[in-house]
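Below: the structure, in structure tokens.
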Amino acid sequence: MTVKLNFKIDGNDFTRAGEASGEVKRVLKELGLPSDVIRNVSIALYEGEINMYLHANGGQIEVAVSPDAVGMVLTDSGPGIENVALAMKEGYSTADDNIRSLGFGAGMGLPNIKKYTDHMMIETEVGVGTTIRLKVYIK
Amino acid sequence: MNIENHSVRLREDKCKGCMNCIKRCPTEAIRVRNGKAYIIHERCIDCGECIRVCPYHAKRAERDTLDLLEGYKHKIALPAPALYGQFNNLDDIDRVLTAFKMIGFNDIFEVSKGAELISEATRILLKRGELKKPVISSACPAACRLIRVRFPGLISNVLDLISPMEEAARLARIKAQEETGLSQEEIGVFFITPCPAKITAIRQPIGLAKSYINGALAIKDVYPKLLEHMNHLEDTKPLRESGIIGVGWASSGGESAALLREHYIAVDGVENIIKVLEEIEDEKLTNVDFVELNACTGGCVGGVLCAENPFIARSRLQRLRKYLPVSCNHLESDEIPEAMNWTTSLKELSVLKLAENVEEALELMSKLNSISEHLPGLDCGTCGAPTCRALAEDIVRGIASESDCIFHARDEAGNPSFEGPLPPPFRKPSEEGPQ
């Protein structure tokens with residue numbers, strides 16, 4: 001049995017970042033998953049949501065919960081990532097001063113997503129968009 | 001939790017079965033069934049919000065009366081500092097404390113004394129740096145219960161010291177025994193409470209097996225009796241033994257300010273607490289050492305058993321400060337007395353889980369989602385559940401049915417006069433003007 005959840009992320013209002021990860025967290029709590037799994041999923045998703053606001057003007061999140069793992073697919077049609085290896089480096093950010101003044105753009109987004117998930121795969125094409133596939137295992 | 005342990009209760013005869021309480025309960029713990037509200041006790045955190053919003057006064061905080069004093073030889077009042085904010089133009093707390101002696105108490109032990117000691121112990125613990133950050137205060141029992149129900153992952157952040165109320169009661173008992181030679185059974189300790197959550201915390205203590213307190217009287221019940229005597233006091237006795245730090249605990253921010261350090265936040269109101277706890281859970285709240293939580297707006301002065309509104313009470317307490325020393329109570333050393341530590345830990349209350357094992361829960365969640373899609377999403381509450389999603393949850397838990405939704409019932413009845421979106425468009429005003 002798998003439970004699927006879908007969210008469309010509106011890219012126009014950054015204060016709404018966290019709505020999708022918050023909703024996912026609520027569902028995971030009702031499913032009775034261990035708190036560390038819930039925390040890892042919601043931190044990774046929140047970072048993903050923020051990235052969609054900052055770089056891609058929104059996107060889509062699909063979450064699939066099965067008895068052994070929480071799978072997440074984050075898709076956007078933003079500018080794509082030119083150098084994935086560089087983007088994965090802690091502290092590297094392409095965010096402009098406006099974004100930094102909001103407290104974002106510390107260059108920890110992708111590294112944090114990696115840190116809090118068991119599996120991470122990035123598919124990206126400049127000018128087309130980015131898809132990130134994530135998995136957190138339920139031990 | 002056993003229903004007898006909860007302070008918040010329903011008076012069935014007064015309940016009209018309206019939607020006010022179910023919509024405002026922060027833990028979705030109330031349903032209307034068979035025309036009456038029903039509290040799901042496992043979910044209730046005793047915050048008192050339903051008491052506050054019920055227009056028919058059908059919700060009540062179960063509490064004790066002064067008659068209870070009769071069962072004890074030596075009676076001690078433990079006034080919460082919020083009490084001092086209830087009186088107009090009060091400039092001497094001794095007037096309040098002296099009046100307690102005229103309504104049947106032998107002695108008074110201020111909860112603010114306990115608060116000053118708990119503040120000092122907290123300062124020592126924070127200085128030692130062994131606590132998991134951010135440290136979450138444990139003084140508000142409604143907040144503690146909210147954590148147990150909705151944020152079990154944060155239980156290890158909760159400060160494991162007993163509350164000022166229990167610390168005051170513990171010390172009051174030691175003092176009374178020394179002074180009177182009576183046995184503990186003959187000594188009655190009564191908390192003068194601003195809220196129902198503290199009453200529940202006496203019946204079901206937080207961090208200790210048995211409370212040091214025998215009963216709880218509401219501030220708003222005691223207030224008129226005290227006032228009567230305060231107006232005719234010939235002289236006051238010097239009973240006040242606490243200062244700004246202890247009395248400050250009555251308002252939101254007081255417990256934090258008493259820590260004498262930066263990097264804290266003080267959060268009041270259940271909805272705000274939920275938002276902040278979500279952020280802590282997601283590790284979004286960085287650079288904060290201490291988080292003070294008060295379920296009531298304004299802190300304890302906002303408790304539903306207070307007589308005065310929280311904003312006025314707070315401003316009166318501010319005024320009182322200028323007559324007070326900083327603190328009157330100190331620990332004997334940097335060692336925290338053993339009795340201040342919790343002897344039992346907070347336990348998770350897994351009332352939100354749909355099922356014990358994940359596979360079963362997934363089945364139910366999948367059903368819940370598909371039921372949810374077919375409900376109107378208006379959250380009207382007519383089915384007795386606060387939201388359409390809560391109804392869907394009740395259905396999969398087996399305590400409600402889809403036909404409880406009046407829109408569902410309307411479609412099944414096929415009555416054409418019910419067709420189209422509800423409510424109807426604005427009626428046209430009649431030619432004769434308003435009726």
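Predicted model, so just to flag it, every value in this text is computed and none were measured. A note on names: the letters A, B, ... follow the listed sequences, proteins ahead of strands, and every chain is numbered from 1. All values below were derived from every heavy atom in this structure, side-chain atoms included, with hydrogens, water molecules and symmetry-related copies excluded.
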Here's a test: name every donor-acceptor pair under 3.5 Å between chain B and chain A, with the distance for each.
residue	atom	partner	partner atom	Å
B/R150	O	A/K29	NZ	2.3
B/E278	O	A/K25	NZ	3.3
B/E278	OE1	A/K25	NZ	2.4
B/E281	OE1	A/K25	NZ	2.7
B/E281	OE1	A/K29	NZ	3.2
B/E281	OE2	A/K29	NZ	3.0
B/D282	OD1	A/K25	NZ	3.0
B/D282	OD1	A/S42	OG	2.8
B/E283	OE1	A/Y116	OH	2.5
B/L354	N	A/E30	O	2.7
B/R389	NH2	A/E30	OE1	2.8

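- Only the side chain of A/L33 comes within contact range of chain B, judged by heavy atoms closer than 4.5 Å.
- Contact annotation for A/L5: only side-chain heavy atoms (C-beta onward) come within less than 4.5 Å of a heavy atom of chain B.
- Shown here is B/Y38, whose OH atom has no more than 12 heavy atoms of other residues, nucleotides or ligands within 6.0 Å.
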